[in-house]
Protein chains: 2
Amino acid sequence: MERLDVPPDVVIRRLPLYARSLRYLLDEGVLSISSQELGERINVTAAQIRKDLSYFGEFGKQGIGYDVEKLLTHIERILGLNHRWPVVLVGAGYLGQAIARYEGFQKQGLQIVGLFDTDPTKIGQQVGDNEIRDYAEMPAIIEKHQVRLAIISVPAAHAQSVADLLIKAGVRAILNYAPIILQTPDDVWVRYIDPVAVLHSMTYYLAREQS
Amino acid sequence: MERLDVPPDVVIRRLPLYARSLRYLLDEGVLSISSQELGERINVTAAQIRKDLSYFGEFGKQGIGYDVEKLLTHIERILGLNHRWPVVLVGAGYLGQAIARYEGFQKQGLQIVGLFDTDPTKIGQQVGDNEIRDYAEMPAIIEKHQVRLAIISVPAAHAQSVADLLIKAGVRAILNYAPIILQTPDDVWVRYIDPVAVLHSMTYYLAREQS
DNA sequence: CTGATTTCGTGAATTGTAGCACGAAGTTTC
DNA sequence: GAAACTTCGTGCTACAATTCACGAAATCAG
């Protein structure tokens with residue numbers, strides 16, 4: 001039976017973790033895996049994996065499990081990873097440069113096609129494969145590559161105005177490293193990378209341990 | 001009435017966001033704020049904020065709202081942010097160095113007391129206030145500063161063994177930037193920073209937009 | 001070929017989270 | 001100082017997510 005329900009966002013967020021684990025398994029030469037075993041690797045229950053996948057079809061075989069390569073292909077197609085996604089990166093400070101140099105993006109279908117900063121002393125510098133450009137060039141680059149995905153790594157004080165610029169130029173999804181909540185239209189997706197908040201949530205538990 | 005329920009983890013994860021917003025409000029000179037207004041700033045409903053806070057006490061005043069400074073102090077105390085937390089950072093690649101140089105940690109009560117790498121050419125180099133040290137010095141530094149919080153920014157292939165070392169030396173909470181799920185004892189807290197997974201969950205929606 | 005075993009997919013039950021809505025307590029207006 | 005407002009804290013309800021548990025389908029052992 002095909003499911004017709006819309007998959008909840010929590011499920012969508014787990015799919016990339018399944019995909020990554022399957023990539024590692026493929027590298028290890030594992031051909032097939034059960035929901036049980038996969039779950040142990042990523043600390044998720046077997047039932048959850050089976051239910052999550054059931055939103056998209058039937059990919060497993062009773063008594064056997066899942067064919068690693070096939071399931072990976074399915075999940076990548078579901079996530080739209082069967083083609084490359086052009087991404088612009090705004091903010092070329094230490095963090096922005098580290099992001100620009102990280103091969104993990106390029107390897108996983110995310111191609112940084114533009115790196116921007118306002119600092120005139122930085123503009124023109126080469127960072128990995130990218131040259132740092134002025135904000136003024138952003139709309140043209142976004143148009144040229146049909147970019148819909150952006151990463152913001154500018155100081156908090158500038159993040160909102162950068163987001164506004166990006167959205168005006170056609171960006172529909174933003175990954176924001178700046179420690180501030182962005183106000184955006186309903187049809188724009190925003191997610192946050194917030195290490196300080198994450199650490200602060202852990203200090204809560206550490207503070208309560210009997211030491 | 002005092003609540004006796006254990007606050008769920010989702011609530012604990014939101015507290016740092018409330019705290020941050022209150023810090024901004026304090027800087028802006030705002031003295032008092034309603035749950036409604038605070039909610040609008042961080043895209044959370046007013047009821048949720050009130051309910052979250054009710055796990056810890058009664059901090060507001062009917063008809064008025066919350067005293068910004070007082071509420072911030074309360075939340076910081078709840079999160080254990082009334083004192084500094086020593087942190088070790090393992091992995092001094094581009095990302096690790098960017099993290100080490102980010103002032104946001106130091107400003108928010110997180111003090112990096114050790115920066116480690118295995119690369120002999122890096123050891124001894126200065127990165128911001130920290131010198132890159134060999135793994136061999138980790139246990140001593142962790143012991144000396146009573147470190148319980150660590151950040152891992154090494155390649156995925158080494159993350160698990162680094163986590164094992166850290167835990168053995170006394171670390172109880174880990175923020176992991178490596179794209180791999182760590183296997184740890186139940187009494188160790190682990191959280192992940194995973195920008196590729198986050199971007200991949202957004203490509204799902206982008207791939208489905210009528211273009 | 002039969003019985004034991006494995007593992008999937010999924011409805012049902014359980015657990016967890018968020019939001020509503022209202023009494024209470026405070027402020028503001030005139 | 002009374003009436004209109006504002007806003008909190010929270011019991012209750014509705015919604016969402018997770019886990020259980022079982023029939024079905026496949027494999028394996030002898």
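Computed over heavy atoms, backbone and side chain alike; hydrogens, waters and symmetry mates excluded. So that the names make sense, note that chain A is the first sequence line, chain B the second, and so on, each numbered from 1.
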With a cut-off of less than 4.0 Å, is there a side-chain N or O of B/Ser35 near OP1 or OP2 of D/dC8?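 Looking at the OP1 and OP2 atoms of D/dC8, one of them is under 4.0 Å from a side-chain N or O of B/Ser35.
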Nearest whole Å is fine: how far is [N] [atom2] from [X] [atom1]?
X	N	atom1	atom2	value
A/Ile33	C/dT6	CD1	C1'	15 Å
A/Arg13	D/dT18	CZ	C1'	17 Å
B/Glu58	D/dG11	CD	P	11 Å
B/Glu37	D/dT6	CD	P	13 Å
A/Tyr66	C/dT6	OH	P	17 Å
A/Asn43	D/dT18	CG	P	15 Å
B/Asp5	D/dT10	CG	P	11 Å

If a protein heavy atom is under 4.0 Å from the base, mark B; if only from the sugar-phosphate, S; if neither, -; do that for nucleotides 25-30 of chain C going 5' to 3'. BSS---
Side-chain donor-acceptor pairs under 3.5 Å in residues 91-98 of chain A, sequence neighbours left out?
from    : atom 1 : to      : atom 2 : distance (Å)
A/Gln97 : NE2    : A/Ala92 : O      : 3.1

In this structure, which one of A/Arg23, A/Arg84, A/Arg20 forms a salt bridge (charged side-chain N to carboxylate O under 4.0 Å, His left out) with A/Glu76?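 Only one option passes, and that is A/Arg23.
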Specify whether A/Trp85 and A/His83 have parallel, tilted or perpendicular ring planes, treating 30° as the upper limit for parallel and 60° as the lower limit for perpendicular.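 Tilted.
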From B/Ile75 atom CD1 to B/Leu53 atom CG, the distance as rounded to the nearest 0.5 Å: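 These two atoms lie 5.5 Å from each other.
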What pairs of donor and acceptor atoms, side-chain ones from residues 64-73 of chain B against any protein atom, are under 3.5 angstrom apart with sequence neighbours left out?
from    : atom 1 : to      : atom 2 : distance (Å)
B/Asp67 : OD1    : B/Glu69 : N      : 3.1
B/Asp67 : OD1    : B/Lys70 : N      : 2.9
B/Thr73 : OG1    : B/Glu69 : O      : 2.9

Any sub-3.5 Å donor-acceptor pair from A/Gln160's side-chain atoms to A/Gln183's backbone N or O?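 Yes, A/Gln160 side chain to A/Gln183 backbone: donor-acceptor pair under 3.5 Å.
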Specify the residue among B/Gly60 and A/Val44 whose closest nucleotide of DNA chain D lies further upstream toward the 5′ end.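 Nearer the 5' end of the strand: B/Gly60.
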Under the 6.0 Å and 45° cation-pi test, does B/Arg208 pair with B/Tyr204?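 B/Arg208 over B/Tyr204 ring: yes.
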Taking atom CG as the centre, does B/Asp129 end up with more than 12 heavy-atom neighbours from other residues, nucleotides or ligands that are less than 6.0 angstrom away?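 It does not: B/Asp129 CG has 12 such atoms or fewer within range.
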Residues from residues 17-26 of chain A sitting under 4.0 Å of DNA chain C, heavy atoms only?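 The answer is none.
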Please determine whether side-chain hydrogen bond (donor to acceptor under 3.5 Å, both in side chains) holds for the pair A/Arg50 and A/Ser35, giving the CA-CA distance in whole Å, both sets of side-chain angles, and the decisive distance to 0.1 Å. CA-CA 7 Å; A/Arg50 294 203 303 276; A/Ser35 56; 3.1 Å; yes
Result block: side-chain N/O donor-acceptor pairs under 3.5 angstrom for residues 7-17 of chain A, not counting sequence neighbours:
from    : atom 1 : to       : atom 2 : distance (Å)
A/Asp9  : OD1    : A/Arg191 : NH2    : 2.7
A/Asp9  : OD1    : B/Tyr205 : OH     : 2.5
A/Asp9  : OD2    : A/Arg13  : NE     : 2.7
A/Asp9  : OD2    : A/Arg13  : NH2    : 3.2
A/Asp9  : OD2    : A/Arg191 : NH2    : 3.1
A/Arg14 : NE     : A/Asp52  : OD2    : 2.7
A/Arg14 : NH2    : A/Asp52  : OD1    : 3.1
A/Arg14 : NH2    : A/Asp52  : OD2    : 3.3

Do any N or O atoms of the protein come closer than 3.5 Å to N or O atoms of nucleotides 15-21 of chain C, and which pairs are they?
from   : atom 1 : to      : atom 2 : distance (Å)
C/dA18 : OP1    : B/Arg14 : NH1    : 3.2
C/dA18 : OP2    : B/Arg14 : NH1    : 3.4
C/dA18 : OP2    : B/Arg14 : NH2    : 3.0
C/dA18 : OP2    : B/Gln48 : NE2    : 3.3
C/dA18 : O5'    : B/Gln48 : NE2    : 3.2
C/dG19 : OP2    : B/Thr45 : OG1    : 3.1
C/dG19 : O6     : B/Lys51 : NZ     : 2.6
C/dA21 : N6     : B/Arg50 : NH2    : 3.2

Qualifying residue for side-chain contact (heavy atoms from CB on, under 4.5 Å) with A/Arg172, from A/Val147, A/Thr184, A/Val188: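 Result: among A/Val147, A/Thr184, A/Val188, A/Val188 is the only option passing the side-chain contact (heavy atoms from CB on, under 4.5 Å) with A/Arg172.
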